[in-house]
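Below is one structure, written out as structure tokens; comments come after it.
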Amino acid sequence: MSLSSWVPVAHGSPFPVENLPYGVFSHGEEDPRVCVAIGRYVLDLAPLAASEGADFASVFQEPTLNPFMALGRRAWGAVRHWLTERLIDESYRPLVEPELVPRDQVRLHMPFTVADFVDFYASEHHATRLGQILRPGEPPLNPNWKYLPVGYHGRAGTVAVSGTPVRRPSGQFRPADAAAPEFGPTSRLDIEAEVGFVIGTPTELGTQVSVDDVRDHVFGVVLVNDWSARDLQAWEARPLGPFLGKSFLTSISPWVVPLDALEPAMLTPPTQDPEPLAYLRGTHDFGLDLELTVSLNGTVVSRPSYADMYWTPGQKLAHLTANGAALRTGDLFASGTVSGPCEDTCGSLIELTDGGTRPVTLADGSQRTFLLDGDTVTIEATAPAGETQRLGFGEVTGTVCPATAPAYRASPPGGT
């Protein structure tokens, strides 16, 4: 059943009262602090909670969600109930209305401080296509792929909020038919449309988290663009995997959608063959019905569905901690590229263009295989919030800026 808020919410708004995503905002010269989005407004939580003498008021005065997220699942649920009641009960209007600020008047900041960042590779469609492109003549999926959620550790320090400029990265790559590598700006700058899961409740070193415990640890969900330099990646990724080709920037949306808001989007996980090992099985595991949209310079180029993902959020978290690795408040683990079975459901340009051999055409008539300086990429997503209602995640966007590093050509071994 849909809820109705006394705060005006336009039909189709990404932020109905069923959503209430958390963010960090500033208004004018004021310090950043925690808010939620409702309709076209942000609700300033610190003064609202303080006016009622709430014992959690102080966490909303902070410039990051981490102190609130660290309170744990019971507190998250209690605050969500408290907020919902005040936004649907008209009698609270005199108390709440003064703390509503139009979203177009505020600045949104990085919503949480990232502790660690892990990126997975959980779409069978994406992994298969990439294997065919990067390793022609070999099996597209490595033997381990259907036995465990493959992932890598990224750099927490280069995770940034939506709108952060995308400086074209430089690094080593080897041109086709060249005997030695060169150093310079990437010419194959790509995107990866992903979904990220934000850890609230930490664990002690040596603790294993089960598939069924994901709700106790995951606070909420963000959109992710894990920008990729495919020529750097192709040269450096064997044998240890992604490094400079990925670590220059990962963009996230400014809104963290609470996992509780996504209950209507939770699906029965896909059938997995072979059956996963026991530690990757659970009785309450779930997939998610999320519909993503990827736009390049205003042209929609893809509509991936997260429902097509092979590995679930619970399985990723269980595998991440299977060796006893500790979780910290603010950890971010991302899904890997979300891609579906069809050409228009690919979550990366390398798939959409078949390795750069088949350009996509934009609304202005121009064509792209990979990103040019000045290009802007925007990723959005929606999820069901009831029988007829959908909620949104806002957007994660970035515009490509020119590289600053010079280029160098190496001599082949033994050369001069």
Side-chain angles (χ1 to χ4, degrees), residues 12-16 18-26 32 34-43 63-66 68-69 103-104 106-115 117-120 154 156 158-166 191-200 218-227 249-262 265 288-296 300 302-306 309 313 330-338 347-348 376-383 385 390-399:
S13 168
F15 304 129
E18 291 90 345
N19 191 349
L20 301 183
Y22 292 91
V24 170
F25 83 108
S26 59
V34 176
C35 66
V36 294
I38 173 74
R40 65 183 186 90
Y41 299 95
V42 301
L43 174 57
T64 175
L65 283 169
N66 293 55
F68 174 50
M69 296 193 301
R103 265 191 297 123
D104 61 5
V106 306
R107 178 185 175 191
L108 297 176
H109 302 269
M110 186 72 182
F112 60 97
T113 301
V114 181
F117 170 49
V118 175
D119 195 22
F120 284 93
T158 52
V159 179
V161 72
S162 173
T164 301
V166 186
I191 64 168
E192 289 191 340
E194 306 190 18
V195 174
F197 300 86
V198 186
I199 295 296
V218 172
F219 171 76
V221 180
V222 294
L223 297 181
V224 176
N225 189 345
D226 195 30
W227 307 87
L249 180 66
T250 299
S251 300
I252 68 167
S253 54
W255 298 109
V256 184
V257 175
L259 195 60
D260 283 346
L262 296 176
L288 287 170
D289 177 14
L290 310 181
E291 298 295 330
L292 281 66
T293 301
V294 181
S295 300
L296 174 52
V300 174
S302 182
R303 298 184 186 275
S305 172
Y306 190 86
M309 298 297 275
D331 280 357
L332 173 67
F333 70 94
S335 61
T337 304
V338 181
S348 63
T376 298
V377 176
T378 300
I379 301 170
E380 300 172 278
T382 64
R390 294 189 73 84
L391 60 80
F393 292 72
E395 63 182 36
V396 56
T397 188
T399 299

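Here, residue 1 is the first one in the sequence, and each next residue gets the next number. Both backbone and side-chain heavy atoms feed into the values below; hydrogens, waters and symmetry mates do not.
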Are [X] and [Y] close enough that some pair of their side-chain heavy atoms sits under 4.5 Å apart?
X	Y	answer
Glu192	Asp119	yes
Leu391	Leu262	yes
Tyr22	Pro258	yes
Leu292	Val195	yes

Under a 3.5 Å distance rule, please check whether [X] uses its side chain to pair with a backbone N or O of [Y] as donor and acceptor.
X	Y	answer
Glu194	Gly336	yes
Asn225	Ala193	no
Thr337	Ser348	no
Asn19	Ala261	no

Roughly how far, to the nearest 0.5 Å, is the [atom2] atom of [Y] from the [atom1] atom of [X]?
X	Y	atom1	atom2	value
Ser253	Ile379	OG	CD1	9.5 Å
Cys35	Leu108	SG	CG	6.5 Å
Glu291	Glu380	CD	CD	13.5 Å
Asn66	Thr113	CG	OG1	4.5 Å

Please find the pair of heavy atoms, one from [X] and one from [Y], that lie closest to each other, and give the distance.
X	Y	result
Pro254	Ser162	CD-CB, 3.9 Å
Met110	Ala160	SD-C, 3.8 Å
Ala115	Ala156	O-CB, 3.6 Å
Phe112	Thr64	CA-OG1, 3.2 Å
Pro111	Val161	CD-CG2, 4.3 Å
His109	Phe25	CD2-C, 3.7 Å

Residues in side chain to side chain donor-acceptor pair (under 3.5 Å) contact with [X], at least two apart in sequence or another chain:
X	result
Thr164	none
Ser295	none
Arg103	none
Asp226	Tyr152, Thr250

### Task
Please lay out, stage by stage, how Leu65 and Val34 fare under the test side chain to side chain contact (heavy atoms under 4.5 Å, CB included).
CA-CA 7 Å; Leu65 283 169; Val34 176; 3.6 Å; yes
### Query
Looking at Val222, Val221, Asp331, which hits side-chain contact (heavy atoms from CB on, under 4.5 Å) with Phe197?
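Output: one option passes, namely Val221.
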### Task
For Thr399, enumerate each residue passing the side chain to side chain contact (heavy atoms under 4.5 Å, CB included) test, keeping only those at least two apart in sequence or located in another chain.
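In terms of side chain to side chain contact (heavy atoms under 4.5 Å, CB included), with neighbours along the sequence ignored, Thr399 is linked to Thr376.
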### Query
Could you go step by step and tell me if Leu223 and Ile252 meet the side chain to side chain contact (heavy atoms under 4.5 Å, CB included) rule?
CA-CA 5 Å; Leu223 297 181; Ile252 68 167; over 6 Å; no
#### Entry: ring-ring contact (aromatic ring centres under 6.0 Å, His included) evaluation trace for Phe219 with Phe68
CA-CA 10 Å; Phe219 171 76; Phe68 174 50; 5.6 Å; yes
### Task
Might you work through the side chain to side chain contact (heavy atoms under 4.5 Å, CB included) test for Ile191 and Trp227, ending with a clear yes or no?
CA-CA 5 Å; Ile191 64 168; Trp227 307 87; 3.8 Å; yes
### Task
Decide yes or no on side chain to side chain contact (heavy atoms under 4.5 Å, CB included) for Leu288 and Met309, but give the supporting numbers first.
CA-CA 9 Å; Leu288 287 170; Met309 298 297 275; over 6 Å; no
### Query
Quick one: ring pair (Phe, Tyr, Trp, His ring centres under 6.0 Å) partners of Phe15, sequence neighbours excluded?
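By the ring pair (Phe, Tyr, Trp, His ring centres under 6.0 Å) rule, Phe15 matches Trp255.
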